*Asks:* 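Have a look at this one before I ask anything.
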Amino acid sequence: MGFPTANRPAIGRMKKCRRCSKPATLHITEMREGGVHELHLCETCYQEYLDFSETPEDTEAPETPDSSPEIAIELSGDQTLEELDQTACPNCGISFREFRSQGRLGCPHDYTEFENELLPLLENIHGETQHCGKLPTRAADSSHRQYELIRLRKELQQAVASEEYESAAQLRDAIVALESELGLTDNETAD
Amino acid sequence: MDLDSLTHISGSWLRGTGPDADIVVSSRIRLARNLARFPFISRADGDLRDEIATLLKSQVMDLPTSPRFNYLDVADLEQIDRQFLVERQLISREHADSHGSRGVAISDEEHVSLMINEEDHLRIQVLQSGLSLDSCWDLIQQIDNQLDETLTFAFNERLGYLTACPTNVGTGIRVSVMLHLPALVLTKEINKAFNALHKINLAVRGLYGEGSQAMGDFYQISNQITLGKSEQQLIDGLKDVIPNIIKYERKVRDELVRKNRRELHDQISRAYGILQTAQTISSEETMQRLSSVRMGINLELIDDLGIPAVNELLIHTQPAHLQKFYNSELEVRERNEARARFLRGRLAERRGEQN
C-alpha cells in the first residue's frame with residue numbers, strides 16, 4: 001500500500017495521472033521492498049488503485065507501457081542520476097543506488113549524507129520535514145559522534161578481511177577510545 | 001517462556017474488555033528505535049548483529065520497573081514456533097522469516113513485546129484489549145524512557161528518531177486499532193469508510209499488518225505519517241476518527257436487525273451451527289463464521305457464548321496453534337480436520353461455562 005497525500009500540490013509542475021490523462025490529484029509514494037516509486041493518479045484511477053491494492057496479488061500490478069516506475073528523486077543542480085547513484089555514505093558504505101533499489105537506508109548518518117535527496121521524498125511521504133515529537137534525553141551532539149563508530153567498525157571489518165592487522169589494531173584502539181570518550185564502556189557495551 | 005504451555009492460554013489483549021470492545025478488538029502502539037553507533041540491520045553483518053542483539057537483550061532484561069520479560073532467541077526457534085508467535089501478534093512475519101541473530105522479549109501477559117533486530121534494532125510494542133490507546137501510550141513511554149537512560153538512540157533534531165525506512169522516521173510511532181466491522185462489510189459500506197480514512201492519511205490493513213489481507217471482517221487502522229506531528233497528535237488523529245467508524249458500524253448493524261432480523265439471525269445461527277458440527281473446515285471459513293458469531297453475540301442473537309471465547313478461537317484455530325496443540329505436524333487436509341475437531345470440543349466446553 002502506498003502513501004497517498006491528497007490535495008497537496010505536487011512539487012514542481014502539475015502532474016498528469018499516470019493511467020489516464022486527467023490531472024493527477026493524488027500523489028502516492030510507495031516504499032516496497034522493490035524500492036521507492038512515485039505514482040500520480042486522478043480520483044477515478046486512485047479508486048481502482050485502492051481496489052486493486054486490497055488483493056494480495058497487487059505486487060504484480062501490470063503497468064501500462066509508458067508508466068515504468070518513476071523514482072521519487074529530485075536532482076539538485078546539474079548532477080545526473082547516474083552521478084548521484086554512485087554517491088556513497090562514508091560511514092556505512094551504502095550507495096544511493098542501493099538505497100533506491102532496496103528502499104532501506106544503511107545507517108543513521110545516511111539521513112545527513114543524502115539529506116538533499118531525502119528531504120523531497122520525506123515531504124512526499126509525511127507532508128513535513130521537521131520532527132516535533134518526543135526528544136531523547138541525550139544531546140544530539142553526542143549522537144552525531146556516535147555515527148563515527150559505524151565508519152570505524154566498517155573499516156575495521158575491511159582491515160580484518162584484507163588481513164591488514166596493523167591498521168586493524170589501530171582501528172580497534174580508536175573504537176575503544178571513542179567509546180570511552182562517549183561514556184559507553186560501562187553501561188552500554190554488551191560484554 | 002514455555003511456548004507449549006501458551007497453547008492453552010491467551011494474551012491479555014484478547015480478553016474482550018475495555019471501551020468499545022465489541023467492535024475494537026485491540027489497540028496497539030509500537031515505537032521504532034535504533035542505536036546511534038551501529039549501522040541499520042541491512043548493513044550489519046553477522047558479528048555486528050550478534051553484538052546488537054546481546055547488548056539490547058541485556059538492557060531490556062535489566063529494565064527496572066517494567067513488567068517481567070521472557071526472552072526468546074528467535075533465530076534458534078523452530079519454524080512452527082516462529083509462526084506461533086506471529087499468530088499471537090508477538091512478532092512480525094518479517095521478524096519470523098528473516099535470518100541472523102534476533103530475538104524478542106515478551107511480558108507474561110503478552111501485552112508488551114520488544115523485537116530485537118527486526119527492520120530496526122528495536123521495535124517496542126504494547127497491545128491491549130479494547131479502545132485503550134492512552135494506556136498503551138503511557139506504558140510504552142515508560143519503557144522507552146527507561147531504555148533512553150542507558151542507550152543512545154539514533155536521532156537528529158530535524159528528522160527525529162532515525163529509522164531504516166524513511167516511512168518511519170520522526171516519531172517512529174505506529175498507532176493502530178483492530179476493528180471488527182462485519183456489518184460494514186456485509187452492506188459494502190466499508191469502501192466508503194476506507195476512502196475517507198485514506199484521505200486523512202490513515203492506512204487500512206488486514207489482521208497481520210503490512211501486506212496481509214483482511215480476514216473475517218477484521219481490519220487494522222493505523223497512522224501513515226510519522227514525521228511532523230507529535231506522538232500525541234498522531235494518537236489523537238486516530239482517537240478522533242475511530243468513534244465515527246464505531247458509530248457507523250453500530251448504525252448499520254441496527255438497520256440490519258431492523259430490516260432483516262430473520263435473515264441475519266438465520267445467517268448467524270447457521271455459522272454457529274457449522275462451527276459446532278463441521279468435520280473439516282479451512283481457516284478462512286473459520287474466520288468468516290467466527291466473525292458472524294461474534295456479531296451475533298453483540299446483537300444478543302447468541303446468548304450462550306462470550307466474546308473472549310470467540311477472540312481466543314480466532315487465534316487458536318490458526319495453523320501453528322493447532323499443530324502445537326495436537327503436538328504434530330499436520331498438512332492442510334489434516335489441519336482442516338483438526339481445526340473442526342478443536343472447534344467442536346472448545347465450543348461444547350465454552351457453551352457449558354457460559355450457562
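The basis for the numbers below is simple: all heavy atoms, side chains too, and nothing from hydrogens, waters or symmetry mates. A quick note: this is a predicted structure, and the numbers were derived from the prediction, not measured. Residue numbers start from 1 in every chain, and the chains themselves are labelled A, B, ... in the order their sequence lines are given, proteins ahead of strands.
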*Asks:* Would you find a donor on one side and an acceptor on the other, under 3.5 Å apart, between the side chain of H126(A) and the backbone of I225(B)?
*Replies:* no
*Asks:* For the backbone of C92(A) and the side chain of R43(B), can you confirm whether one donor and one acceptor N or O come within less than 3.5 Å of each other?
*Replies:* yes
*Asks:* Hey, are the side chains of L159(B) and L119(A) touching, using non-hydrogen atoms and a 4.5 Å cut-off?
*Replies:* yes
*Asks:* How far apart are the closest heavy atoms of C132(A) and G228(B), and which atoms are they?
*Replies:* SG-O, 3.2 Å
*Asks:* Can you tell me which of I173(B), D62(B), N145(B), I41(B) forms the most heavy-atom pairs within a distance under 4.5 Å of chain A?
*Replies:* N145(B)
*Asks:* Apply salt bridge (Lys or Arg N to Asp or Glu O under 4.0 Å) to E284(B) and list each qualifying residue two or more places apart in sequence or on a separate chain.
*Replies:* none
*Asks:* Using only atom types and a distance under 3.5 Å, with no angle test, would you say the side chain of E231(B) pairs donor to acceptor with the backbone of K134(A)?
*Replies:* yes
*Asks:* How about P166(B) and L105(A): do any of their side-chain heavy atoms sit closer than 4.5 Å?
*Replies:* yes
*Asks:* Could I get the full list of salt bridge (Lys or Arg N to Asp or Glu O under 4.0 Å) partners for E115(A), not counting sequence neighbours?
*Replies:* R158(B)
*Asks:* Enter the distance from R104(A):CZ to T163(B):OG1 here, rounded to the nearest 0.5 Å.
*Replies:* 9.5 Å
*Asks:* Please tell me if the side chains of R37(B) and E179(A) come closer than 4.5 Å, counting only heavy atoms from C-beta onward.
*Replies:* yes
*Asks:* Among I200(B), N34(B), T171(B), V169(B), which has the most heavy-atom pairs under 4.5 Å with chain A?
*Replies:* V169(B)
*Asks:* Using modelled atom types only, decide if a donor and an acceptor are shared between the side chain of Y111(A) and the backbone of N156(B) within a distance under 3.5 Å.
*Replies:* no
*Asks:* Which residues, numbered in order, of residues 153-164 of chain A come under 4.5 angstrom of chain B by heavy-atom distance?
*Replies:* R153(A), Q157(A)
*Asks:* Q141(B) versus chain A, heavy atoms under 4.5 Å apart: side chain, backbone, both or neither?
*Replies:* both
*Asks:* Please determine, among E128(A), H109(A), Q130(A), the option with the most heavy-atom pairs under 4.5 Å with chain B.
*Replies:* Q130(A)
*Asks:* In Å, rounded to the nearest 0.5 Å, how long is the span from SG of C165(B) to CZ of F99(A)?
*Replies:* 7.5 Å
*Asks:* Given a strict heavy-atom distance threshold of 4.5 Å, which part of L122(A) is in contact with chain B: side chain, backbone, both, or neither?
*Replies:* side chain
*Asks:* Applying side-chain contact (heavy atoms from CB on, under 4.5 Å), can you list everything that pairs with L135(A), at least two apart in sequence or on another chain?
*Replies:* H131(A), F155(B)
*Asks:* Taking P136(A)'s backbone N and O only, do any of them form a donor-acceptor pair with D148(B)'s side chain (distance below 3.5 Å, no angle check)?
*Replies:* no
*Asks:* Shorter than 4.5 Å, heavy atoms on both sides: which option in L149(A), N91(A), T112(A), T129(A) has the most such pairs with chain B?
*Replies:* T129(A)
